[in-house]
Amino acid sequence: MRNTKQVALLCPVLLLACWNSGKAAPPKEPANSWESPSRLALFMAQRIEHEESSSIALRDIAFAFAKAGEVKQALKVAQSVQNENYLELFSRGEVPTQIGIALALAENGEFKQSFELVNEIDVVSDKAIALSRLTSVFVNVGNKDRALEIWKQALETAQTIEQADINKTVQWDIAISLAMAGKDKQALDLVQEIGDANDKSLDQGLISWTLAEAGYIERALQLARQIEDGERRIYALANIAPSIAKSGDLEQALKLVQRFEMTGYTESALKGIALVLANKGDLKRALQVAQKIKNPEDKDFALSGIASVLAKEGNTEQALELAEKIENSYDKASAQNDIAVALAQMGEIKRALELSRKIEHPNPKTNTWRLRRNIAVALSQAGDFSHAVEVAETIADAVYKEHTLFDIAMTLATEPILDNDRETPIRPMMLRYSAGAGSRFTIDLRKKAPFIGGAMKKAFNAKEKEAAQRIVETTPKE
């Protein structure tokens, strides 16, 4: 098993000799791993021994090549990624390698090549999901007619899946894609065809929330108000309220919440509205809404999110004061983690590390390693690669340390990501799940799904090359 793994990990390095293997001779690679962005990235991925972490690293490299238009290199790296389960990855909000490459191509306007790549996927369920996700890109660029054609193919493909549970899961994903494009009638027809009659109210609620998130507020409200089951109608409206606040109409969102007869849903909606306001930078009103929340858990959740935004905007002292008011240990630790990262980005590295040692977390050891990794990556994103490597060296866990060094290297090897791109999520596979006797869907208002990162750089400048050499020399030798 170990020999097989070592061969898989060596593949990225072997790829360096295989690129551009057509008529032209392969380019001469530099002698040192820090001489070029691609060589640095592949070298650092090769050093990761943990199999899952290695696959994640290779996936990131493949996406970076695709973003740079280097399709052959992206696909060759993709061949080294082992044992991807598309449904499992999407359920975690992650993107399978080949689909990520296709989406990156589509985002770059290479629609024909992207579509061809998706159609090369052998597993029927994987192809159906890929087609479903590809439609979102076509919708975003305004080509809804082409999106509808791909939806039709996705649905026809999904209907050939023999396993009933996978068939239903994939068709649900297609329905969500339709709703995100404002095709609520088609989405409802599909979920009612594949769903349980007893869950009709839940299905309507999920479609209405998706419409609201996509900006179709009035249609979302209209659909939610048609839900016959009283509790599920309120539940759907409670999930729509934060989307209304996000659209800029706080007054309408609060009026909607005031009509709820069930306190639990009122608290949940206020929590969501407070977080939306915080993320929009309206911190004063976010705190005002949070103070209306009576349930301690919901209030702590909202205050944690607000403290995190305060920290990101540089108001670390106010963020620390707010974090001290949070009673829930997990929410308090979450806010303090973000504050520590913000302090590091501001150059207060010593203070950030001191805070990281004081944070009380349910899993203190793992949290400390994860936080050190976040601080190191934040420093590298700010261009402080020297201190980023120093922080990475303090991580005792080998797996966290290896992947932290890789993340620092990828920050150096790829083009910066604009904040708008960073905030564009690749949505999770499903928001719907079974709980006890009935079904519900859940939304984590704080969690951002992963994004496809920046494009691989063509070359390093002298300063970047020096930083790359430091990263390589810090990496433990085999």
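Below, all heavy atoms of this structure are taken into account, side chains as well, without hydrogens, waters or symmetry copies. All residue numbers refer to positions in the sequence shown, counting from 1.
In this structure, the separation between CG on L221 and CD1 on I244 is 4.5 Å, given to the nearest 0.5 Å. For the atom pair CZ of R259 and OG1 of T266, the computed distance is 12.0 Å after rounding to the nearest 0.5 Å. The CD1 atom of I375 sits 13.0 Å away from atom CZ of R370, with the distance rounded to the nearest 0.5 Å. Once rounded to the nearest 0.5 Å, the distance linking CD1 of I61 with CZ of F406 reads 4.0 Å. Atoms CD1 and CG, on I326 and L303 in that order, are 5.5 Å from each other to the nearest 0.5 Å. Note that CD of Q318 is 7.5 Å distant from CG of L322, once rounded to the nearest 0.5 Å.
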Where do E70 and K76 land on the salt bridge (charged side-chain N to carboxylate O under 4.0 Å, His left out) test, with the steps shown first? CA-CA 10 Å; E70 304 288 345; K76 284 181 179 179; over 6 Å; no
Would you sort out whether L283 and E313 count as a side chain to side chain contact (heavy atoms under 4.5 Å, CB included), showing the intermediate values? CA-CA 10 Å; L283 295 164; E313 293 195 351; 3.4 Å; yes
Between L131 and F115, is a side chain to side chain contact (heavy atoms under 4.5 Å, CB included) present by the stated rule, with each step listed? CA-CA 8 Å; L131 288 166; F115 186 65; 3.8 Å; yes
Report the C-alpha separation of D189 and K185 in whole Å, then their side-chain angles, then the decisive distance to 0.1 Å, and conclude whether the salt bridge (charged side-chain N to carboxylate O under 4.0 Å, His left out) test is met. CA-CA 6 Å; D189 288 345; K185 184 179 184 304; 3.2 Å; yes
Would E213 and K246 satisfy side chain to side chain contact (heavy atoms under 4.5 Å, CB included), going step by step from the backbone distance to the final call? CA-CA 9 Å; E213 278 294 284; K246 189 187 296 184; 3.0 Å; yes
Give the C-alpha distance, both sets of side-chain angles, the deciding distance and a yes or no for salt bridge (charged side-chain N to carboxylate O under 4.0 Å, His left out) between D282 and R285. CA-CA 6 Å; D282 193 345; R285 288 201 293 180; 2.6 Å; yes
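Residue K292 places its NZ atom among 12 or fewer non-hydrogen atoms of other residues, nucleotides or ligands, all under 6.0 Å distant. More than 12 heavy atoms of other shown residues, nucleotides or ligands fall within 6.0 angstrom of atom CD in E149.
Under a 3.5 Å cut-off, the side chain of N337 and the backbone N or O of L371 do not form any donor-acceptor pair. In this structure a side-chain-to-backbone donor-acceptor pair under 3.5 Å is missing from S268 to G264. Judged by distance alone, the side chain of T160 and the main-chain N or O of T157 form a donor-acceptor pair under 3.5 Å. In terms of modelled atom types and a separation under 3.5 Å, the side chain of S53 and the main chain of H403 share no donor-acceptor contact. Judged purely by atom type and a 3.5 angstrom limit, S54 has no side-chain atom pairing as donor or acceptor with the backbone of H50. S114 places no side-chain N or O within donor-acceptor distance of the main-chain N or O of F111, the cut-off being under 3.5 Å. Proximity of a side-chain donor or acceptor of Q98 to a complementary backbone N or O of L117 within less than 3.5 Å is detected. Between the K457 side chain and the A413 main chain, no donor and acceptor come within less than 3.5 Å of each other. In this structure, the side chain of S334 does not engage the main chain of Y330 through any donor-acceptor pair within 3.5 Å. A distance-only check finds a donor-acceptor pair linking the side chain of D249 to the backbone of Q252 [under 3.5 Å].
Screening E297, K299, K294 for a side chain to side chain contact (heavy atoms under 4.5 Å, CB included) involving E267 leaves a single residue, K294.
Between E324 and K332 there is a salt bridge, since a side-chain N of the basic residue sits under 4.0 Å from a carboxylate O of the acidic one. Residues E107 and K67 are paired through a salt bridge, judged by an N-O separation under 4.0 Å between the basic side chain and the carboxylate. A salt bridge does not link D300 to K325: none of the charged nitrogens lies less than 4.0 Å from a carboxylate oxygen.
Side-chain contact annotation: T411 with Q381, donor-acceptor N/O pair under 3.5 Å absent. For E84 and T97, the side-chain atoms include at least one donor-acceptor pair closer than 3.5 Å. No side-chain N or O of D229 forms a donor-acceptor pair with one of S201 less than 3.5 Å apart. Remark: the N167 side chain and the Q171 side chain contain an N/O donor-acceptor pair separated by less than 3.5 Å.
Cation-pi contact between R232 and Y235: absent, since separation from the ring centre below 6.0 Å together with deviation from the ring axis within 45° is not met.
Pairing each heavy atom of A290 with each of I306, the nearest pair is CB-CD1, 4.0 Å.
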